[in-house]
2 protein chains.
Amino acid sequence: MSLRHAVLAALLEGEASGYELAKRFDLSVANFWSATPQQLYRDLERLEADGLVSARVVEQQRRPNKRVFTLTAAGRDELHTFTQEPARPVAMRDDLLVKLQALDVGDPEAVIKSFGARLERSREKLARYDRLREVLLAGRTEDEYLAAGDRVGPYLTLLGGRMYEQQNIRYATAVLNILLPPR
Amino acid sequence: MSLRHAVLAALLEGEASGYELAKRFDLSVANFWSATPQQLYRDLERLEADGLVSARVVEQQRRPNKRVFTLTAAGRDELHTFTQEPARPVAMRDDLLVKLQALDVGDPEAVIKSFGARLERSREKLARYDRLREVLLAGRTEDEYLAAGDRVGPYLTLLGGRMYEQQNIRYATAVLNILLPPR
DNA sequence: AACTCCATGTAACATGTTACATGATTCG
DNA sequence: CGAATCATGTAACATGTTACATGGAGTT
């Protein structure tokens, strides 16, 4: 029940079309939520029907027109209320860990390969998050940034993304160390 | 497309009824996959129809009869093939990080409270995983256990669960440290 | 007497994924 | 000239969640 809220939170960063939102979800928000463009289009329609976002058409030359969505006051209220609800526990769902669990009847080399790929992806993601962090900080130290008081949330979710990927790197490394030199 | 495989992997630990599987999912498997009992019943039907598990009715006195499911040879093959497929990237979906992202329009105290609750849950889960680890090791060191060669997969997924919760604890602590003494 | 545990299921609904369709523009 | 990007959508399908139903046994 809460892609809605992820969309609203993403729109806090400024108005966007469905297409632009999809990219935003791929960059900053990917860290804690994911969605396909189709989901976004469907949910934006609903959010508009519920008055939580408003849409206006922006005409463009040499480009198809686009519908740009903005948070309404009701949308902000909804977000505020949402933050007061208890968070639901996260449910893990990782393909690769299922494969790992089935290692004894599986193909160890293939699983090792997948972990190698995971490791590399995590390194790339971490590098991307680090770059995003530089942009956010804009030359200031973390303390200076936080002292400004604004946008603490986005900084902390980014921190979450970085720590999460660091953890993935640690774990993949540990698994490979155990599986790779099998003697 | 892969609760199926999580179920098959869970059945590697031995035959089980739908009800028992649900509990198994809550304990050992919860770490990397989750499912409601209803999903399990539905999927077990399908797995049986596809010949990947076989069912037999166990009559019980003073208890309702139960249908106990076992992996078939075809089920094991399916698992083997599954481990060879490339793993799909994990998609994060965390309610609480959405709330954190929306902190500036949200209710900081409520969010802080939620993080406190998360922290506590992670500590409990970690303790549970640690107990499971003791049971698995059965007095041996990690090296001795791994040298035995069997059941390496389950050990590594458990390691994953432990590291994951350790990470959650670190992150929640970091967030609280930044949000709590706001000056 | 009320509650929890065992045990299985149906039905309705919400969410997420995949495939397909369209059509112009810029870039190499 | 072909590929990628901009931009939006429909339809079908797969998965996951919630609510409800049933009924006996053991526990407090």
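In what follows, chains are A, B, ... by sequence order, proteins preceding strands, each numbered from 1. Keep in mind it's a predicted model, so treat the numbers as computed, not measured.
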So which nucleotide from [options] ends up closest to the side chain of [X]?
X: A:R88; options: D:dT8, D:dT18, C:dA7; value: D:dT18
X: A:R93; options: D:dT8, D:dG16, C:dT15; value: D:dG16
X: B:E45; options: C:dC6, D:dT8, C:dG9; value: C:dG9
X: A:L3; options: C:dA7, C:dG16, D:dG16; value: C:dG16
X: A:T36; options: D:dT8, C:dT17, C:dT8; value: C:dT17
X: A:Q38; options: C:dA7, D:dT10, C:dG16; value: D:dT10
X: B:K66; options: D:dT8, D:dG16, C:dT8; value: C:dT8

Contact under 4.0 Å: A:Q39 side-chain N or O vs C:dT17 OP1/OP2 |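 Checking C:dT17 against A:Q39, a side-chain N or O does come within under 4.0 Å of OP1 or OP2.
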
Does a nitrogen or oxygen in the side chain of A:Y41 sit under 4.0 Å from OP1 or OP2 of D:dT8?
->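 True: A:Y41 side-chain N/O within range (under 4.0 Å) of D:dT8 OP1/OP2.
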
Remember a base hit wins even if backbone is also touched, and classify B:R42 as base, sugar-phosphate or nothing at under 4.0 Å, heavy atoms.
->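 Base contact - B:R42 has a heavy atom under 4.0 Å of at least one base atom.
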
Considering only heavy atoms from C-beta outward, does the side chain of B:Q167 approach that of B:R170 to under 4.5 Å?
->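 They are in contact (side-chain heavy atoms under 4.5 Å apart), so the answer is yes.
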
Give the rounded distance in Å between these two atoms: [atom1] of [X] and [atom2] of [N].
X: B:L21; N: C:dA7; atom1: CG; atom2: C1'; value: 13 Å
X: A:D43; N: C:dT15; atom1: CG; atom2: P; value: 7 Å
X: A:F25; N: C:dG16; atom1: CZ; atom2: C1'; value: 13 Å
X: B:K23; N: C:dC5; atom1: NZ; atom2: P; value: 10 Å

Taking the six-membered ring for Trp, are B:F82 and B:H5 parallel (under 30°), tilted (30 to 60°) or perpendicular (over 60°)?
->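 Judged by the thresholds at 30° and 60°, the geometry between B:F82 and B:H5 is parallel.
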
Carboxylate-amine/guanidinium contact A:E78 A:R4, below 4.0 Å =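 No, A:E78 and A:R4 are not salt-bridged.
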
Salt-bridge present (B:R151, A:D104; N to O < 4.0 Å) |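 Judged by the 4.0 Å cut-off on N to carboxylate O distance, B:R151 and A:D104 do not form a salt bridge.
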
